[in-house]
Amino acid sequence: MTFLSRFFVLLLACSASAATLAGPLVTSSELDALRQDDNVRIIDIRPVDAYAKGHIPGAVSAPYAAWRGPAASPGELPSVGKLTELVRSLGLDSGVRAIVVSSGENTSDFGAAARVYWTLKYLGLTDLSILNGGVQAWADAGLPQDEQVVQVAASSYEPVLNDALIATQADVQASLDSPTTRLVDARPANFFRGEVKAPTASVPGTIRGAVNLEHDRWFKPGSNQIVSAEEAKKIAHDAFEAPADETISFCNTGHWAATDWFALSELAGQENVRLYPASLAEWTQAEQSLPMDNVPGRGSQLMDKLKGLLN
């Protein structure tokens, strides 16, 4: 092989590697190769105490709670001003790649990373990834951790809101019974059927016309790691033969729904997928009742409340 041939082989290999690392998911080994790059920022969204006990070297702390809304409706987005301050404090800008890291304890935990990823993308940042499997996968790979609190220089980032990613209550109302919009409920089936409800919802059930695609469908069996893009496309096809013109993902508080959004949009590559961040906490607490399916009768709801009080 000539020198020129070897050069082109090396160039192609580097290009392939870069393409792999540029995706919405990274593995622990890929992140280990990236973590000393000054243009990479690792965002650890675990609670402060977990971060303090050990984290990926170079990671900055930005607990998930800082990205969420009030207790009555945690899915609500904080103000753009508050989110901007948070993003700047992490040194994020258009030239910095953000890699979001959660605990990786279970499939539900992935929703936190997906929700932060979605928030950053909504704010106009596009060079984003999630560490598949979180800190648990990093530890399982035997990679180093440290306890040093990382401080970074603040940026002056100015958000450019990507409104195509977000659905408001009014947007969902306008889409009811639309043949071109698919409402996807990411909660477990017993929530969808109205058998149980979250404390933040005033009534059980689901938004009228919604279909159920449980958030944990996207994970490898017996694993806390989400599937590949090719596998996500297959799951999406099995669930819905064809993509809708528009998809709106929701749950109780925009957490599990973020996983459905991420899988459908970022992995399966479907277009026009939006997240309803406030989800059923807002929908069921509206001043005037909004259309619902699978709502149990009044007697059943009273019995459930009584059981809750007794327990």
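Source: prediction; values computed, not measured. In this chain, residues are counted from 1 in sequence order. Scope of the values below: all heavy atoms of this structure, side chains included, with no hydrogens, waters or symmetry mates.
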Within this structure, what is the [atom1]-[atom2] distance for the pair [X] and [Y], rounded to the nearest 0.5 Å?
X	Y	atom1	atom2	value
Lys220	Ile226	NZ	CD1	10.0 Å
Glu282	Ser202	CD	OG	12.0 Å
Leu128	Trp118	CG	CH2	13.0 Å
Gln270	Leu264	CD	CG	5.0 Å
Ile56	Ser28	CD1	OG	7.0 Å
Leu31	Leu143	CG	CG	8.5 Å

[X] atom [atom1], over 12 foreign heavy atoms within 6.0 Å:
X	atom1	value
Gln173	CD	yes
Asp238	CG	yes
Glu271	CD	no

Do [X] and [Y] pair up side chain to side chain, a donor and an acceptor below 3.5 Å, judged on atom types alone?
X	Y	result
Thr206	Asn294	no
Thr200	Asn252	no
Trp218	Asp260	yes
Asp171	Thr168	yes

Look at the side-chain heavy atoms of Ile, Leu, Val, Met, Phe, Trp and Tyr, link any pair under 4.5 Å apart, and say whether [X] and [Y] land in one connected group.
X	Y	result
Phe192	Leu275	no
Val87	Ile45	yes
Ile130	Leu86	yes

*Does Glu231 pair with Lys234 as a salt bridge, N-O distance under 4.0 Å?*
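So Glu231 does not pair with Lys234 through a salt bridge.
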*Residues Lys53 and Asp49 bridged, charged N to O under 4.0 Å*: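 Asp49 and Lys53: not salt-bridged.
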*Which of parallel (below 30°), tilted (30 to 60°) and perpendicular (above 60°) describes Tyr117 and Trp261?*
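Aromatic pair Tyr117/Trp261 classed tilted.
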*Start with the C-alpha distance between Glu85 and Lys82, add both sets of side-chain angles, then the distance that settles salt bridge (Lys or Arg N to Asp or Glu O under 4.0 Å), and finish with yes or no.*
CA-CA 5 Å; Glu85 183 179 344; Lys82 183 177 179 180; over 6 Å; no
*Can you see which heavy atom on Val26 is nearest to which on Ile99, and at what distance?*
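Scanning both residues completely, I find the closest heavy atoms to be CG2-CG2, 3.9 Å.
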*asked:* For His215 versus Thr259, what's the shortest heavy-atom pair and its separation?
replied: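 Reported closest heavy-atom pair: O-CG2, 3.7 Å.
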